[in-house]
Every structure is written in structure tokens, then in C-alpha cells.
Amino acid sequence: MRSLPKPILLAGFMVLLFLYLPVIILIGFSFNASTMGVAWKGFSVQWYENLLADPSIVEATLNSLIIALISTALSLLLGLGAAIGLEKRRGLRASCMNTLILLPLVIPEILMGVALLMLFVMLQVPLGFGSIIIGHMVFNLPLTVVILRARLRKFNPAWEDAARDLGATSWNVLTSITLPMLRPAIVGAALLSFTVSLDDFVVTFFVAGPGSTTLPLKVFSMIKTGITPEVNALSAILVVVSMAFVGLSWLFQQEVPSSFLKNDSSS
Amino acid sequence: MIHPPNPIMRLFFALVLLVAGSQFVGCSEPSSPEPSRKAGPQKLYYFTWSDYVDSKIMADFEASRGVQVVVDTFSSNEELLAKIQAGMTGYDVVVPSDFMAGIMGRLGLLAELDLSRIPNVQELEKHLAQLPFDPTQKFSIPYLWGTVGIGYNAKVISEVPTTWNVLWNPEYSGRISMLNDQREVFGLALRALGYSLNSRDRQAIQEAKDRLINQKPLVKVYTSEQFDQLLVSGDVVLAHAWGGPVARAMREDSSIRYAIPEEGGTIWADCMAVLATSKNKMLAMDFINYLLSEKVALQTSQRLLFASANRHVRHQLPPEIRNNIAVYPPDEVLSRMEWMEDVQEAIREYDRAWTELKVH
Amino acid sequence: MNHLSSQSLPVSVISTFWLALFFLLIFFFLPLLVVFGVSFASRGLYGGVEWILTWDNYRRLADPLIGVIFFRSLIFAAMTTMVCAIIGFPLAYVVARVSPGWQLVWLTLVMIPFWTNFLVRTYAWILILRADGLVNGFLLTLGIQSEPLSLLFTDFAVALGLIYGYLPFMVLPLIVAIERISPRLEEAASDLYASRGAMFRYVVLPLSKPGFMAGGVLVFIPSLGAFITPYILGGGQKMMIGTLIQQEFLVSRDWPFGSALSFGLMGTALILWFLVNRTSLGKNVT
């Protein structure tokens with residue numbers, strides 16, 4: 001393999017640095033003992049301690065976790081059916097449905113936020129946990145479908161045919177062949193949906209109700225009121241947690257039993 | 001249902017269904033708190049200005065009544081009304097400014113208060129006891145009051161500002177901040193032009209709008225919440241400001257000062273009210289009474305540096321707070337201040353003009 | 001594969017399939033329909049919606065001031081997309097071409113900011129750009145400046161925030177596209193005595209087009225409707241479509257006008273998406 005040209009390597013590295021620099025700075029300053037400005041006044045974890053002592057932060061965290069858990073699970077449930085169902089169908093009708101299911105990923109978030117808000121107001125649905133979960137599912141469902149289908153597409157249908165030939169019911173085929181093969185994608189989709197839900201801001205901003213503040217909403221109101229070191233600490237936590245989840249999801253999806261794959265040079 | 005083959009996944013789904021079930025049982029979402037249904041303590045939903053939140057005062061109330069106070073904040077009256085109209089009806093206590101309390105009362109959004117539950121209403125400051133929009137405290141009770149003026153950095157601004165026009169001075173371009181508040185910003189421009197800040201005259205409003213558009217290139221930021229920080233950090237040297245945050249900034253940096261221009265400006269009183277849709281009206285009224293009580297009002301004024309509506313607080317405060325014009329406006333200034341009122345139909349003019357200003 | 005009969009799938013799968021579609025029907029299409037409907041209504045005196053149908057809201061869209069906002073948002077989005085393409089390409093090339101042992105590392109490193117909290121990543125720039133922030137601290141300490149630079153709440157800050165926020169959306173599709181280019185083509189080019197520059201210009205870049213298309217859409221559309229970045233870094237000053245929509249809904253309470261604006265935004269986004277999809281270059285890179 002040719003070695004990479006030095007200038008490209010350098011440029012690539014610098015861009016990567018650009019991506020991570022603000023985050024590193026953020027995390028760094030969350031440990032800064034100084035209350036104002038950027039002069040380094042010594043290492044301190046007091047901002048993290050303040051966060052843990054603040055009941056509204058703890059509540060926002062719990063809210064975020066519960067909402068993420070529920071929206072991920074429901075998206076996964078519906079997404080499995082959608083992905084498998086779509087994969088089996090072909091033709092114009094199917095590709096239309098495919099486009100329709102993926103549409104929420106393309107629509108600007110703010111539009112989704114105001115649209116859902118108006119729907120809830122018209123239907124007189126009180127804003128709260130339910131409205132947020134629904135809002136998150138509108139995005140998580142297509143996301144789950146995309147990830148599951150990416151994996152399903154590589155799946156060699158010969159396995160399912162063989163099982164059916166051997167007398168397996170469609171239910172058996174599903175549980176003994178399709179689902180186990182999908183497992184890394186399921187876990188990957190779950191982790192990613194969870195992270196997206198945890199981090200969502202725009203849609204949540206519009207459809208959250210009284211007392212259903214999530215972590216990103218809390219960060220936002222803290223930013224608006226003024227930059228305090230607690231904001232840095234909270235932001236740092238959010239970022240690190242996301243990183244952990246995404247890293248896990250990604251690594252999990254790398255496990256690919258080759259026997260399940262088609263013999264395909266593009267894999 | 002699809003049974004996940006993996007026992008861990010099975011556990012995961014069971015856990016999720018359990019949590020989901022507990023949330024959805026009886027449609028008990030936190031936006032409609034019912035004391036008998038939820039296992040936890042009764043919750044009181046408090047929607048107030050971001051400047052008015054003090055955790056210790058909340059904690060004391062929570063401890064004394066065994067309830068939990070859940071706080072959300074807003075940064076302008078319009079935002080408050082917008083959120084209520086957008087279906088955030090789960091709040092119990094809200095804190096609109098004077099004119100907005102009047103509007104909300106007229107729109108039927110506020111509950112009628114049972115003043116026998118709020119005895120501290122007897123302790124109001126004289127000039128707050130019979131405000132025009134609600135002279136008998138039928139649906140609102142004054143809580144904190146003050147003025148709108150100019151917060152400035154005395155190190156940079158050598159002369160005390162005596163006119164709003166200092167905010168148009170190109171020498172300070174890029175270091176001026178204005179409130180992100182439609183009525184306040186237009187009120188300022190109208191007063192600077194010699195009109196009333198409640199003007200309904202289309203001509204006057206357009207004139208004000210033109211002046212504000214001229215000013216825009218000089219303005220660094222329109223913010224109702226960050227100007228105190230910006231004054232301290234030096235990003236801004238002249239700020240259109242509520243008094244309280246400037247007083248707090250003064251604590252950090254003694255070269256920050258407050259001035260009320262000669263043209264005069266807004267005198268305001270933020271009022272506590274109970275939403276008509278509240279499910280905890282009794283507790284809400286107790287909370288209002290609590291916040292208005294002498295001891296709590298004193299603490300509030302000392303920590304937040306806003307003048308209290310409770311008249312017994314004033315002489316108990318240390319002189320540096322009592323005599324700080326950012327907190328308590330001196331009597332000679334009061335005569336040139338104006339209360340904000342509902343401008344009724346003319347609000348459409350203001351709305352259009354504000355959008356135009358922001359869009360420029 | 002021919003269209004298989006639905007009997008090959010268990011009932012539970014079929015029912016969740018239709019349930020999923022039903023869910024999206026109610027909570028995706030219906031809300032958009034509501035937006036469309038409300039865009040023809042009128043605003044009540046104190047806000048809220050009065051069902052007096054009118055073209056007024058769309059007429060206001062034609063107002064030059066609103067046109068300026070759309071235009072400004074388009075410019076920002078276009079610029080963001082271009083800069084992301086320019087600086088994203090070297091990174092994508094490195095990740096695509098690096099030895100397999102390193103690839104997972106680089107790929108994971110690039111993926112992670114992709115999904116971390118957008119709000120927080122944007123907020124980090126406030127710390128850097130403030131008058132007492134990192135950049136100014138740097139410049140002042142080294143004596144390069146005597147007064148702090150006013151970097152925050154400027155167009156520059158918003159542009160920087162947008163580029164930073166959406167860069168991963170460009171890099172990832174580019175990586176996928178570049179990986180598809182067989183390295184042998186590059187070898188062949190150098191065997192035929194092409195310089196490095198020429199090789200990039202005539203081989204790699206043209207063949208990366210699908211990546212640029214997909215990445216372009218993934219950056220342009222969200223940055224067109226961007227709300228967080230101009231709100232936090234823009235200081236309530238320069239309106240963009242996203243912040244204007246937010247203002248109309250949550251401050252000015254002119255829902256009909258806000259709906260018309262939203263629909264205008266969606267129209268623009270959809271047209272772009274279909275244009276790219278039609279060329280079927282962006283299709284396989286999801």
C-alpha cells in the first residue's frame with residue numbers, strides 16, 4: 001500500500017484536532033477552580049459536586065434517562081417490524097414507503113418541533129413526558145430502520161430459505177435466524193437511539209411540558225442565564241456520556257460473523 | 001410479541017415496560033399533578049423569571065410543607081404568554097409583569113385569588129396596593145418591583161449617562177446591549193423621542209422603530225439575561241437593564257453603575273398569579289403568601305437585590321442595598337417613571353415593528 | 001428477488017410494520033398537514049389561531065425583509081457546506097486510505113463527535129470566543145492585541161459554529177465514497193506519470209462526487225434551518241430562518257406566519273433533497 005502523502009495526512013490530522021479541541025477545552029475548564037474567565041486557578045471538582053447537589057439537575061437527568069429508555073425501546077419494537085417488513089417487499093410501492101419512512105431524517109428539526117407542538121395543542125394533549133417521547137420516536141424510528149436495514153441488506157437469504165425448507169414456521173425463522181443475525185445492529189441501533197434521545201434539544205424544546213425538563217434543556221436554560229462553571233461541568237458530562245455510548249455502539253456493530261454475509265466485494 | 005432470544009435483552013425490555021407502565025398508568029404525566037395518584041410528594045409548578053430563582057428559599061418552603069417545588073423559567077412576558085398558549089398549562093404559580101397580568105386576567109387565564117389565604121397582601125407597599133390593571137388583587141399580587149435603566153462601566157463611561165441617547169453613541173459601537181424585550185426596547189425608544197411608552201400612535205411607533213433600526217449596528221446583543229455577566233466580563237460597557245442584575249454585577253465589579261435617564265423609563269412590578277388550569281390552587285396561594293411574608297421577602301431582596309413589594313422589608317435592609325438606586329429608585333425619580341400598560345389593538349403594530357427590527 | 005407473499009412473515013412483524021407506518025402517519029405527516037393548514041389562518045389579537053383563512057402569511061413571505069433572511073440563511077448554509085467540503089475532504093481521505101489496523105481507530109474518532117450533543121459542542125465556542133475567553137486570553141497575554149477582540153455574537157461566530165457543528169455530517173459520507181474508489185485507480189494514475197495534484201484532480205475528486213452530494217445535503221439542509229447555533233452564538237442579532245420561526249412561535253405568537261415560514265423552509269429543503277435523490281448519486285451512501 002502506498003503511504004499517504006504527508007500534507008494530506010497533516011491536513012486530516014489538523015481537522016480532527018479542530019473537531020475535538022472545543023470539547024477538550026470544555027472538559028478542561030470544567031475542572032478549573034476559577035469562577036470567571038479562563039485563567040487557570042487550580043484543579044477542582046467542586047463544580048461537579050455542585051451539580052450532584054442540585055436537585056433540578058438530578059431531576060433533569062432522571063427525566064432524560066426515562067425518556068431515552070422508553071423512546072428507544074418503542075422505536076426498536078416498531079423499527080424491527082418496519083425494517084424486516086420493508087426488506088421483504090420490492091417494487092415501487094416499497095420504495096415509496098421507504099422514502100416516506102426516511103423522510104423525518106431530512107426534515108429540519110425546528111419544523112418537526114413546531115409541527116408537533118401545534119398538533120398537540122390542537123388535539124389538546126397536555127405537554128409532558130408523553131409528548132417528548134413521541135417527538136423523539138419520530139426521529140428514532142427512521143434511524144433504527146436505517147441501521148437495521150443496512151445489516152439486513154447484507155444478509156444472505158439462503159439461510160432463511162433453508163430453514164423454511166426444513167419445515168420451520170415463519171416465527172421460528174424470525175427468532176432463530178433473523179433476530180440473532182440482527183443482534184449487533186439491534187444493539188447498535190438501541191445505543192444510537194438512546195444517545196440521540198438523550199441529546200435531543202430542538203424538538204424537545206418545543207414539546208416539553210412543565211416539569212419535564214431534560215438535560216439538554218437544562219443546559220440551555222443555564223447557558224441563557226449566564227455562563228457558570230457548572231454549565232461546563234454538566235456539558236462535559238453530557239459529552240463524555242455520549243462518547244461512551246456511541247463508541248460502544250460503533251464497536252459493537254463491527255462484530256460481523258462472516259458466514260452470514262453474502263459473498264460481496266463491496267462489504 | 002417478538003421475544004428477544006437473549007435473556008439480557010429480555011430483562012431490558014421487561015425493565016422498559018415496567019418504567020413505561022408506571023409513567024402511563026392513569027395518564028399521569030407530570031403536567032397534570034394529582035396528589036393522590038403519585039407516590040412522591042405533592043408538586044408545585046412555578047414558572048418565573050430566570051432572575052427570581054433562589055434555591056434556598058425554595059428549599060425552605062419545600063421543607064416546611066413537605067412538597068416539591070419544580071421551577072421553570074422564562075425571560076420575557078411574551079415568552080410566558082406564548083408558552084401558556086402553547087399548552088404548558090400545568091403550571092400553578094406564574095409571575096407576569098404588571099401589564100401582562102392584566103392581559104392574562106382579561107383572557108381568563110388566571111384564577112381568582114382567595115385573599116383570606118394570602119394575609120400578607122395587607123403588607124404591600126403603598127404605591128403597589130392599587131395598580132390600575134388589578135386594583136383589588138383579584139388575580140395578581142405584586143411581588144418584586146423596580147425600574148429599567150442603564151447599567152454602565154464607569155471605567156469606560158466617564159460621565160454619568162443622563163439620556164437614553166447615550167445608547168446611540170457610535171463611540172461605544174459593538175459594546176452596547178439591549179433587553180430582548182419587545183415592549184421595553186420600544187418603550188425606551190419612545191421615551192427618548194418624548195412619547196409615552198404606551199403610545200398607540202402608529203406614527204410614533206414607526207418613528208421609534210426607525211431609530212432602533214439605526215441603532216442596531218451598534219448593538220452587540222439583545223439579551224434579557226446575560227447583560228450583567230457581559231458588563232462584568234467587559235464585552236459590554238452600556239446595557240439596557242433591569243436594576244437587580246446590575247446591582248448583582250456591582251457586587252462583582254465596583255466600577256459597574258446604574259443610571260436612570262432624565263427622559264424617564266419603566267417602573268415595573270412583577271406579580272404572582274395562579275393559573276386558572278392549576279390543580280393545586282390552595283397550595284399555590286400558600287406559596288404566594290409565603291414569598292410575600294416578611295422574613296422570606298427580606299431574604300429574597302438581600303440575595304436577588306430586587307425591591308420587595310412587602311413594605312416592611314425596606315427599612316430592614318442594610319443601607320448599601322436600601323440606598324442603591326438599582327434596587328430602590330429614589331423618590332425624585334419616581335415622578336418621571338411610567339407604568340407599562342396593555343396597548344390592546346396597537347400590539348399588532350408593536351409585533352410587526354419588533355419583527356422588522358429583528359429582521360433587519 | 002420477487003415480491004414474497006406476506007405469509008413468509010409472522011403476524012407480529014406484519015402488525016408492527018403497519019403500526020410503525022401508522023405512527024409516522026399520525027405524528028409525522030399529520031403535524032406537517034397542520035402546519036400547512038395553520039399557515040392559511042390568522043393570528044388572534046394576543047396570539048393563538050383564528051380560523052379566518054387568508055393568503056396574508058404567504059404574502060408576507062414575499063416581503064423583501066423576509067427574503068433577506070431566507071437569502072442570508074441560504075448563504076450561510078452554502079458557505080458552511082463548501083467549507084465543510086474543503087476541510088472535510090482531507091480528513092475523509094486519510095480515514096479511507098489509512099492502513100486497516102488504524103482505520104477503526106480513526107473511524108471511531110470521527111464518528112464520536114457526530115453524535116455527541118450538538119448544543120454542548122456549540123456552547124464550547126462561547127468559552128473560546130468571549131472577551132475573556134480563550135482566544136482573547138491568548139492574544140492579550142502574548143501582547144498581540146491590547147483590547148479584546150469582539151468575536152462572540154458575530155456572523156463569524158455563527159459561521160464557525162455551523163461549520164464545526166456539521167463537519168462530521170460531511171466527513172462520514174465522504175469516507176464511504178472514497179473507500180469505494182479502488183486504490184488501483186490511483187496507482188494506475190501514478191504509473192502513467194500523473195503528479196499527485198493531477199491524480200486528485202482527475203481521479204479522486206470526480207469519483208468522490210457521490211460523497212460530496214450526500215454530505216452536501218446532510219450539511220446544507222440542517223444548517224439552513226439551524227436554530228441553536230445562531231441563537232447561542234448570534235446574540236439575538238442577525239435573524240436566520242430557524243431563529244425567526246422560533247421567535248414567531250414562542251415570543252411573537254404569530255403561529256400562522258410561523259407556519260408559513262416553516263413551510264417555506266420545508267419546501268426549500270424538500271426540493272433540494274429530491275434534486276439530489278433524483279440523480280441517484282446520494283442513494284447508497286446513507
Side-chain angles (χ1 to χ4, degrees), chain A residues 1 4-5 8-9 11-12 15-16 19-20 22-23 25-26 29 37-38 77-82 84-85 88-91 101 104 106-108 110-111 114-116 118-119 122 134 138 141 146 170-171 174 192 195-196 199 201-202 216 219-220 223 227 235 238-239 242-243 246-247 250 254, chain C residues 1 3-4 8-10 13-14 16-17 19-20 23-24 27-28 30-32 34-35 38 87 90-91 93-94 97-99 108-109 111-113 115-117 119-121 123-128 132-134 137 167 196 221-222 225 227-228 232 242 245-246 249 258 262 265-266 269 273 286:
Chain A
M1 242 210 93
L4 286 166
I8 289 263
L9 194 59
V15 176
L16 196 66
L19 267 181
Y20 278 89
V23 171
I25 290 172
L26 183 69
F29 276 103
V38 288
L77 234 49
L78 292 181
L80 268 170
I84 298 178
K88 293 295 177 213
R89 290 162 183 267
R90 296 285 183 264
I101 289 199
V106 192
I107 300 294
I110 189 167
L111 175 58
V114 303
L116 277 171
M118 285 207 287
L119 180 74
M122 302 256 155
I134 290 173
V138 173
L141 181 54
V146 166
S170 51
W171 176 254
L174 183 71
L192 230 42
T195 311
V196 167
D199 285 338
F201 174 72
V202 180
V219 172
F220 183 72
I223 292 177
I227 314 299
S235 308
L238 263 177
V239 162
S242 311
M243 279 191 191
V246 169
W250 180 242
Q254 297 310 306
Chain C
M1 284 291 289
H3 177 93
L4 292 172
S8 60
L9 287 174
V13 174
I14 309 261
T16 42
F17 171 73
L19 206 65
F23 176 82
L24 283 181
F27 293 111
F28 177 66
L30 191 58
L32 292 181
V34 170
V35 172
V38 173
I87 65 176
L91 181 57
Y93 188 78
V94 169
R97 288 284 180 254
V98 93
S99 58
T108 314
L109 281 179
M111 264 226 65
I112 285 180
W115 292 108
T116 52
N117 195 310
L119 174 63
V120 168
R121 281 193 293 135
Y123 159 68
W125 282 102
I126 297 186
L127 290 181
I128 301 177
D132 57 349
L134 200 74
L167 184 58
R196 276 265 163 78
I221 293 182
F227 158 55
I228 299 179
I232 296 186
I245 292 177
Q246 182 262 351
F249 273 94
S262 307
L265 174 62
M266 178 168 82
W273 192 63
T286 315

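Lettering of chains follows the sequences in order, A, B, ..., and the numbering in each one begins at 1. Note that the structure is a prediction, hence the values are computed from the model and not measured. As a basis for the values below, the full set of heavy atoms in this structure was taken, side chains included, without hydrogen atoms, waters or symmetry mates.
Taken to the nearest 0.5 Å, the CG atom of A:Leu80 stands 7.5 Å off from the OG1 atom of C:Thr16. Atoms OG and CG, on A:Ser235 and C:Leu127 in that order, are 8.0 Å from each other to the nearest 0.5 Å. With values rounded to the nearest 0.5 angstrom, C:Phe28 atom CZ is found 4.5 Å from A:Ile107 atom CD1.
Shown here for A:Gly85 and C:Val13, the closest heavy-atom pair between the two residues is N-CG1, 4.4 Å. When all heavy atoms are compared, the tightest approach of A:Val114 to C:Ser262 is CG2-OG, 3.7 Å.
For the side-chain contact (heavy atoms from CB on, under 4.5 Å) with C:Pro31, the qualifying choice from A:Val138, A:Leu111, A:Leu119 is A:Leu119, the only one to do so. Each of A:Val219, A:Val202, A:Leu238 was compared with C:Leu119 under the side-chain contact (heavy atoms from CB on, under 4.5 Å) criterion, and only A:Val219 meets it.
Contact count against chain C (heavy-atom pairs under 4.5 Å) is highest for A:Leu19 among A:Leu19, A:Ile101, A:Leu26. Among A:Pro108, A:Pro104, A:Pro216, A:Gly79, the residue with the largest count of heavy-atom pairs under 4.5 Å with chain C is A:Pro104. Note on C:Ala124, C:Ala269, C:Gly225, C:Ala20: by heavy-atom pairs under 4.5 Å with chain A, the leading option is C:Ala20.
With a 4.5 angstrom heavy-atom cutoff, C:Val38 touches chain A only via side-chain atoms. Proximity to chain A (any heavy atom under 4.5 Å) is restricted, for C:Leu24, to the side chain, taken from C-beta onward. Looking at C:Leu19, the atoms closer than 4.5 Å to chain A (heavy atoms on both sides) sit in the backbone and in the side chain alike. With a 4.5 angstrom heavy-atom cutoff, C:Ile128 touches chain A only via side-chain atoms. Both the backbone and the side chain of C:Leu32 have a heavy atom closer than 4.5 Å to some heavy atom of chain A. Contact of C:Phe27 with chain A is made through backbone and side chain together, with heavy-atom distances under 4.5 Å.
Under the 30°/60° scheme for interplanar angles, the aromatic rings of A:Phe220 and C:Phe227 are found to be tilted.
Here the side chains of C:Val94 and A:Leu16 are not in contact, with every heavy-atom distance at 4.5 Å or above.
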